Every structure is written in C-alpha cells, then in structure tokens.
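Numbering of residues begins at 1 and proceeds along the displayed sequence. What you see is a predicted model, and the numbers here were worked out from it, not measured in a lab.
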Amino acid sequence: MISAGDWLAFGTVPKSGTLGGALGLLDPATGQSVIRRNIVPGHSVVGLAYRDGVIYGATSAFGGTATPQGEAAAFAYDVATDSVLWRTTPVAGDLALGSIAFDGEGRLWGLTPDMLFELDPATGRTVRSVKHQTYPWATATQVWLDTNLVFHQGFLWGKVQGKAYRIDPGTMALTLIARPISNLLLGPDGHLYLSRFENFYTYRIC
C-alpha cells in the first residue's frame with residue numbers, strides 16, 4: 001500500500017487457483033474505491049510507487065497458481081485519466097520484480113530477488129541494471145513480494161534474500177549491513193526497522 005495523492009493505492013495477489021491481481025484505489029474521505037484487475041493480464045501487483053499523479057507498479061508473473069504468466073512487468077497508471085501509460089518487462093527472465101521506489105533525483109528503482117534496476121519513469125525503459133546474486137527461477141513455483149526498498153539520505157536501502165543492504169544509486173554497489181533479515185522499513189524518525197521471526201532490530205542512520 002502507498003499514499004497516492006488523495007488516494008490510498010494497493011496491489012493484490014489473487015486467491016488460490018485463480019489468476020489476475022488488481023490495482024486498487026480507495027478515497028479515505030468518501031469511501032469511494034476503484035479496482036483495476038489485470039493491468040498486466042494474469043499478474044499479481046506486488047510493488048507500488050507514486051509521483052506527480054502517476055502510480056508505478058511492479059508485478060509477479062505468479063497469481064494463485066504455480067504457473068507463471070510470462071515474465072514480470074512494470075507499469076505506469078495515470079490516476080486522473082484512469083489509463084495505463086506504459087507496460088514494460090524490465091528484467092528478462094525474472095518472474096517477480098518486488099519493491100520499487102524513487103530516489104531523491106526522481107529516478108525510479110526496482111529490486112528483484114536477483115537484480116537491481118533503474119527505470120525511466122516516462123517510458124518504462126530500463127536505464128541500468130546489475131545482477132546482485134542468483135535466484136532459482138527455473139524451479140520457482142510461487143514468488144510474490146520478496147524485497148523491500150526505500151530511499152533515505154542519499155542511499156537506497158534494500159532487503160532481499162534474507163539480507164539487508166545499503167545501495168549507492170551512483171555506482172549501484174550493494175553493501176551488506178545485516179543478515180538474516182525478513183523485513184525492512186524506514187521509520188518516521190529516519191532509522192531503519194528490521195525483523196526476523198521474533199527478533200526485532202533498529203538500524204540507526206546517523
């Protein structure tokens with residue numbers, strides 16, 4: 001879920017045995033909702049970012065079945081016109097993209113289980129990408145959101161495959177900061193909050 005102007009935007013994975021997740025919008029003031037299924041046919045919507053009236057989404061090719069529907073995709077959705085501006089496949093071979101986020105310069109980033117990539121928000125074109133580790137896509141049966149990505153104080157901070165990283169947007173270098181980690185969030189105090197099962201950590205950014 002993300003804040004999208006006057007709306008709360010959310011992505012969904014379909015129930016077991018079905019295909020086609022949804023992008024949803026909810027107006028908290030009025031209760032009005034908008035549901036757009038199959039923005040990418042058969043895909044789940046697992047990552048969202050928002051900027052200047054446009055919602056950017058990342059998908060998993062898995063729905064409620066073990067059969068992927070092609071490769072994972074990214075899309076841009078204009079809230080005012082209720083229209084999809086573009087759809088692309090940022091990383092060839094990846095079946096789930098994961099979390100996406102803007103940095104301080106307006107660059108759109110995505111972190112998949114094995115790739116870090118930058119997209120052009122205007123077109124969806126992949127500007128840069130780097131492989132950070134391997135992932136068993138050939139044997140994967142269901143992969144949805146396996147990453148977290150946020151921007152703070154000049155760096156991207158990401159969690160993927162049980163490890164948390166500081167990421168330099170200039171060089172795309174990943175520096176390991178903690179493991180094993182299941183979740184990573186940026187708190188309102190500017191520090192990172194990490195968890196793994198019953199263990200909870202604060203990573204203080206000075």
A.B. asks: Looking only at heavy atoms, which two atoms of I35 and A22 are closest? And how far apart?
C.D. replies: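 So the minimum-distance heavy-atom pair works out to CG2-CB, 3.9 Å.
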A.B. asks: Would you check if L85 and S83 make a side-chain contact, meaning some heavy-atom pair closer than 4.5 Å?
C.D. replies: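 Sidechains of S83 and L85: in contact.
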A.B. asks: Would you give the length of the straight line joining atom OG1 of T30 to atom CG of D6, rounded to the nearest 0.5 angstrom?
C.D. replies: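 Rounded to the nearest 0.5 Å, the OG1-CG separation comes to 9.5 Å.
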A.B. asks: Show the numbers, then the answer: is there a side chain to side chain contact (heavy atoms under 4.5 Å, CB included) between W144 and F62?
C.D. replies: CA-CA 7 Å; W144 298 305; F62 293 97; 3.9 Å; yes
A.B. asks: Any side-chain heavy atom of T126 within less than 4.5 Å of one from V91?
C.D. replies: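 No - every pair of side-chain heavy atoms lies 4.5 Å or more apart.
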A.B. asks: With distance as the sole test, does H43 use its side chain to make a donor-acceptor pair with the main-chain N or O of Q69 at under 3.5 Å?
C.D. replies: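 Checked: pair present.
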A.B. asks: Both conditions, 6.0 Å and 45 degrees, for the charged tip of R87 above the ring of F75: are they met here?
C.D. replies: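 Checked: cation-pi criterion not met.
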A.B. asks: Do F102 and V150 belong to the same hydrophobic cluster, where Ile, Leu, Val, Met, Phe, Trp and Tyr are linked whenever their side-chain heavy atoms lie under 4.5 Å apart, directly or via other members?
C.D. replies: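 No, because F102 and V150 fall into different hydrophobic clusters, even though each may have its own neighbours under 4.5 Å.
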A.B. asks: Measuring from atom CD1 of I205 to atom CG of L192, what distance do you get when rounded to the nearest 0.5 angstrom?
C.D. replies: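 Between atom CD1 of I205 and atom CG of L192 there are 4.0 Å.
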A.B. asks: If you look at every heavy atom in P113 and V143, which pair is closest and at what distance?
C.D. replies: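 Closest heavy-atom pair between P113 and V143: CG-CG1, 4.5 Å.
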A.B. asks: Is any side-chain heavy atom of T147 closer than 4.5 Å to a side-chain heavy atom of L97?
C.D. replies: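 Counting from C-beta outward, T147 and L97 never come under 4.5 Å.
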A.B. asks: Take F155 and Q153, measure what side chain to side chain contact (heavy atoms under 4.5 Å, CB included) needs, and give me the verdict at the end.
C.D. replies: CA-CA 6 Å; F155 290 97; Q153 292 193 1; 5.6 Å; no
A.B. asks: Is any side-chain heavy atom of R128 closer than 4.5 Å to one of R107?
C.D. replies: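 They are in side-chain contact.
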A.B. asks: Roughly how far, to the nearest 0.5 Å, is CG of D146 from CD of Q161?
C.D. replies: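 These two atoms lie 6.5 Å from each other.
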A.B. asks: Mind checking the CD1-CD1 spacing from I55 to I2? Nearest 0.5 Å is all I need.
C.D. replies: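 Atom-to-atom, I55:CD1 and I2:CD1 are 5.5 Å apart.
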A.B. asks: Any non-hydrogen side-chain atom of V160 less than 4.5 Å from a side-chain atom of H132?
C.D. replies: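 Yes; the side chains approach each other to less than 4.5 Å.
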A.B. asks: For F117, is there any backbone N or O sitting under 3.5 Å from a side-chain donor or acceptor partner on S129?
C.D. replies: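 Checked: no pair found.
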A.B. asks: Using every non-hydrogen atom in the two residues, find where I100 and G110 come nearest and quote the distance to one decimal.
C.D. replies: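 Closest approach of I100 to G110: CG2-CA, 3.9 Å.
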A.B. asks: Search all heavy atoms of L119 against all heavy atoms of P121 and return the closest pair with its distance.
C.D. replies: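 Nearest heavy atoms, L119 then P121: O-CD, 3.3 Å.
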A.B. asks: Kindly say whether M115 contributes a backbone atom to a donor-acceptor pair with the side chain of T112 at under 3.5 angstrom?
C.D. replies: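 Here the side-chain-to-backbone pair exists.
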A.B. asks: Is there a path of hydrophobic side-chain contacts, each under 4.5 Å between heavy atoms of I, L, V, M, F, W or Y residues, that connects V46 with V40?
C.D. replies: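 No, it is not one cluster - the side chains of V46 and V40 are not joined through contacts under 4.5 Å.
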A.B. asks: Between R36 and D82 (salt bridge meaning N to carboxylate O under 4.0 Å), is one present in this structure?
C.D. replies: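 Salt bridge present between R36 and D82.
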A.B. asks: For the atom pair CG (D120) and CG (L108), what is the distance rounded to the nearest 0.5 Å?
C.D. replies: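 Output value for this atom pair is 9.0 Å.
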A.B. asks: Taking the side chain as every heavy atom from C-beta outward, state whether Y203 and W157 have any pair of such atoms under 4.5 Å apart.
C.D. replies: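 The answer is yes; the side chains approach within 4.5 Å.
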A.B. asks: Report, as yes or no, whether the 6.0 Å neighbourhood of atom CZ on F197 holds more than 12 heavy atoms from other residues, nucleotides or ligands.
C.D. replies: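 Not more than 12 within 6.0 Å, no.
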A.B. asks: When clusters are formed by joining ILVMFWY residues with side-chain heavy atoms under 4.5 Å apart, either directly or through shared neighbours, do Y50 and V45 land in the same one?
C.D. replies: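 The answer is yes; both residues are in one hydrophobic cluster.
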A.B. asks: Indicate yes or no for a side-chain donor-acceptor contact from H191 to the backbone of T202 under 3.5 Å, with no hydrogens or angles considered.
C.D. replies: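 Between the backbone of T202 and the side chain of H191 there is no qualifying donor-acceptor contact (under 3.5 Å).
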A.B. asks: Any chance you could lay out the side chain to side chain contact (heavy atoms under 4.5 Å, CB included) test for Q32 and W7, step after step, and finish with the verdict?
C.D. replies: CA-CA 9 Å; Q32 178 189 358; W7 299 87; 3.7 Å; yes
A.B. asks: State, yes or no, whether a side-chain contact exists between L8 and S3 at a heavy-atom distance under 4.5 Å.
C.D. replies: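 No. Closest side-chain heavy atoms not under 4.5 Å.
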A.B. asks: In residues 134-142, what donor-acceptor pairs under 3.5 Å come from side-chain atoms, sequence neighbours left out?
C.D. replies:
{"residue": "W137", "atom": "NE1", "partner": "D94", "partner atom": "OD1", "Å": "3.0"}
{"residue": "W137", "atom": "NE1", "partner": "D114", "partner atom": "OD2", "Å": "3.1"}
{"residue": "T139", "atom": "OG1", "partner": "P136", "partner atom": "O", "Å": "3.3"}

A.B. asks: Counting only N and O atoms by type, is there a donor-acceptor contact under 3.5 Å from the side chain of T12 to the main-chain atoms of P14?
C.D. replies: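 A pair under 3.5 Å: no.
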A.B. asks: Just jot down the side-chain hydrogen bond (donor to acceptor under 3.5 Å, both in side chains) partners of W109, sequence neighbours excluded, or say none.
C.D. replies: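 W109 satisfies side-chain hydrogen bond (donor to acceptor under 3.5 Å, both in side chains) with D103 only.
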A.B. asks: Can you name the closest pair of heavy atoms from A96 and A72 and give their distance?
C.D. replies: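 Smallest interatomic distance, heavy atoms only, reads N-CB, 3.5 Å.
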A.B. asks: Do the non-hydrogen side-chain atoms of V54 and V79 ever get within less than 4.5 Å of each other?
C.D. replies: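 No, their side chains stay 4.5 Å or more apart.
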A.B. asks: How many angstroms lie between atom CG of L116 and atom CG of L156, to the nearest 0.5 angstrom?
C.D. replies: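 These two atoms lie 7.0 Å from each other.
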A.B. asks: Are the side chain of E71 and the backbone N or O of G93 linked by a donor-acceptor pair below 3.5 Å?
C.D. replies: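 Checking the backbone N and O of G93 against the side chain of E71, a donor-acceptor pair under 3.5 Å is found.
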A.B. asks: List the atom pairs, with distances to 0.1 Å, where a side-chain N or O of residues 167-185 and a protein N or O form a donor-acceptor pair under 3.5 Å, not counting sequence neighbours.
C.D. replies:
{"residue": "D168", "atom": "OD1", "partner": "G170", "partner atom": "N", "Å": "2.7"}
{"residue": "D168", "atom": "OD1", "partner": "T171", "partner atom": "N", "Å": "3.4"}
{"residue": "T171", "atom": "OG1", "partner": "A173", "partner atom": "N", "Å": "3.2"}
{"residue": "S182", "atom": "OG", "partner": "R196", "partner atom": "NH1", "Å": "3.1"}
{"residue": "N183", "atom": "ND2", "partner": "S195", "partner atom": "OG", "Å": "3.2"}

A.B. asks: Does G47 offer a backbone N or O that forms a donor-acceptor pair with the side chain of S99 under 3.5 Å?
C.D. replies: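 Side chain of S99 to backbone of G47: no pair is present.
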A.B. asks: Between W86 and Y56, what is the ring plane arrangement, given parallel below 30°, perpendicular above 60°, and tilted in between?
C.D. replies: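 Rings of W86 and Y56: tilted, as their planes differ by 30° to 60°.
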